[in-house]
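Structure record follows, encoded as structure tokens.
Here is the naming used below: chain letters follow the sequence lines, and residue numbers restart at 1 for every chain.
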There are 2 protein chains.
Amino acid sequence: MQKPKVPDIVVGRLPLYLRALSQMKSEGKRVTSSQELGERLGISSAQIRKDLSQFGGFGKQGTGYNIAYLADQLKTILKVDRVWDVALIGVGDLGRAVANYGGFLHRGFRIVAVFDNDPAKIGSRIGSFIVEDATNLVTSIRSKAIKVAMIAVSQVDAQAVTDRLVEAGVLGILCYAPISIAVPSHVKVQYIDPVVHLQRMTYHLP
Amino acid sequence: MQKPKVPDIVVGRLPLYLRALSQMKSEGKRVTSSQELGERLGISSAQIRKDLSQFGGFGKQGTGYNIAYLADQLKTILKVDRVWDVALIGVGDLGRAVANYGGFLHRGFRIVAVFDNDPAKIGSRIGSFIVEDATNLVTSIRSKAIKVAMIAVSQVDAQAVTDRLVEAGVLGILCYAPISIAVPSHVKVQYIDPVVHLQRMTYHLP
DNA sequence: TAGATTGTTAATCGATTAACAATC
DNA sequence: TAGATTGTTAATCGATTAACAATC
């Protein structure tokens, strides 16, 4: 039996469901419905039920979904029922902010290594991390078996850093540099570029 | 004649085309093809031609696209042939990094006002900005006719800040808080949540 | 001219929605 | 039981791809 292929667009919504469920839980709610969840997210209830049904039946007819249970199931599906070690490359203003961000751990990620190539920064402390020399990136990441990395270096360095991350065995890269990076097909990349989002908005503005 | 409705998914790709074209231009290239552009972005050449044809014919058969010309056309379409004034709310680590980011101006955006509600921060300097009291947010934004805002406040404050931005006449909001915010339908919202992207990757990892 | 690449049409493919039987 | 909401099927809708005439 082969794993049924779930469309990427469905997978992409699961973290949003999980985030909304976590928020509901923190509000003290115990149960929700596809309709309520959909209203929070601006997604139709039919779509939410369809998406979830790709992975199993998590609800009860007439009642809805137990929030804690569904959240746990989604965490397992998204593989954040564990904590992933993450490397951060680049400690400019943005890298510094990312390193100090407190929102990773309870959602499945923990920064365990921070790199830069600036001699003035190497050896210095960022929060609880000592900045490592990016020269040692491959060895260090490999020895720690880190599989996920975040790139917060300049546009011009992004591809070179990417190549070395791939060499070090990293399988997922979150790229903050405003550029498309090339990777082998077994490596997953996601991008964050605020200007892209701003431009998607201004298109619609008068 | 009514404006032909272009699908959001097409609009969403235009900033990526523009970004790649700008990079090609900085590499000294003059002309490109839908195939070359597609290879850089991991998008099929047919899709790029189809997307662009929604807005007009920008290329020449046999030759391809003049990079500078197509970039200019895309800037006009995305309304970044001008510079938009932007307000930033929240100057924690992330807000500070955003305020200092040098990549906005040449892509159509300029931060012109920065707010926080922490008395220790109000009046202080962040880069070239003086942090304003968030209490005066509505008046200040209205008087400057700012239409675009970025929210880098905590999850718990995001909705309240949003409501006041809407009251101030803001039409586009880029939200860095990991939460879905509610806005009237005439206001466009985009979200940046790094953990959502990380979770989209870990789903695919072993 | 010969070669290359666009813009566009038609065909395919995939995603969303509507509807409802099942059932809690 | 009556009411509510799921999970699923079929229908609709929309997006992507393939193919090629037009033409630079």
Side-chain angles (χ1 to χ4, degrees), chain A residues 2-18 20-21 24 29-74 77 200 203-204, chain B residues 2-18 20-21 24 29-74 77 200 203-204:
Chain A
Q2 61 198 354
K3 177 161 66 171
K5 175 67 179 159
V6 176
D8 255 10
I9 198 161
V10 173
V11 175
R13 282 189 292 260
L14 300 185
L16 305 178
Y17 300 163
L18 176 55
L21 290 164
M24 287 176 174
K29 291 179 62 70
R30 293 285 161 79
V31 170
T32 189
S33 64
S34 58
Q35 185 171 7
E36 185 183 44
L37 195 50
E39 275 165 14
R40 288 220 186 191
L41 294 168
I43 292 176
S44 79
S45 63
Q47 181 158 86
I48 289 174
R49 293 199 303 279
K50 190 104 209 295
D51 286 353
L52 295 178
S53 75
Q54 300 261 11
F55 301 95
F58 303 120
K60 280 207 185 75
Q61 284 99 327
T63 317
Y65 300 91
N66 178 294
I67 289 171
Y69 174 72
L70 181 54
D72 277 350
Q73 293 296 310
L74 287 175
I77 292 166
R200 285 173 183 164
Y203 172 85
H204 294 99
Chain B
Q2 60 198 354
K3 177 161 65 170
K5 174 67 178 158
V6 176
D8 256 9
I9 197 161
V10 173
V11 174
R13 282 189 292 260
L14 299 185
L16 304 178
Y17 300 163
L18 176 55
L21 289 164
M24 286 176 174
K29 291 178 62 70
R30 293 285 162 78
V31 170
T32 189
S33 64
S34 57
Q35 184 172 8
E36 185 183 45
L37 195 51
E39 275 164 14
R40 288 220 187 191
L41 294 168
I43 292 176
S44 80
S45 63
Q47 181 158 86
I48 289 174
R49 294 199 302 279
K50 190 104 209 295
D51 285 353
L52 295 177
S53 75
Q54 299 262 11
F55 302 95
F58 303 121
K60 280 207 185 75
Q61 285 100 326
T63 316
Y65 300 92
N66 178 294
I67 290 171
Y69 175 72
L70 181 54
D72 278 349
Q73 294 296 311
L74 287 175
I77 293 166
R200 285 173 183 165
Y203 171 85
H204 294 100

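Whole-Å rounding puts the B:N66 CG to C:dT6 P distance at 13 Å.
Counting non-hydrogen atoms under 4.0 angstrom, B:S34 reaches the backbone sugars and phosphates but no base.
Under 4.0 angstrom from either OP1 or OP2 of C:dT16 there lies at least one side-chain N or O belonging to A:R13. The side chain of B:T63 contributes no N or O atom lying less than 4.0 Å from OP1 or OP2 of C:dT5. Close to C:dG7, at under 4.0 Å from its OP1 or OP2, lies a side-chain N or O of B:Y65. Regarding contacts with the backbone of D:dA22, every side-chain N or O of B:Q61 stays at 4.0 angstrom or more from both OP1 and OP2. Phosphate proximity of D:dT5 to A:S33: absent, as no side-chain N or O sits under 4.0 Å from OP1 or OP2.
Distance check, rounded to the nearest 0.5 Å: OG of A:S34 to NZ of A:K50 gives 14.0 Å. Taken to the nearest 0.5 Å, the CG atom of B:L41 stands 6.5 Å off from the CG atom of B:L16.
Minimum atom distance to the side chain of B:S53 is reached by C:dT8, of the listed C:dT17, C:dT8, D:dC24.
Considering only heavy atoms from C-beta on, A:L37 stays 4.5 Å or farther from A:Y65 through its side chain.
Within a 6.0 Å sphere centred on NZ of A:K60, heavy atoms belonging to other residues, nucleotides or ligands number 12 at most.
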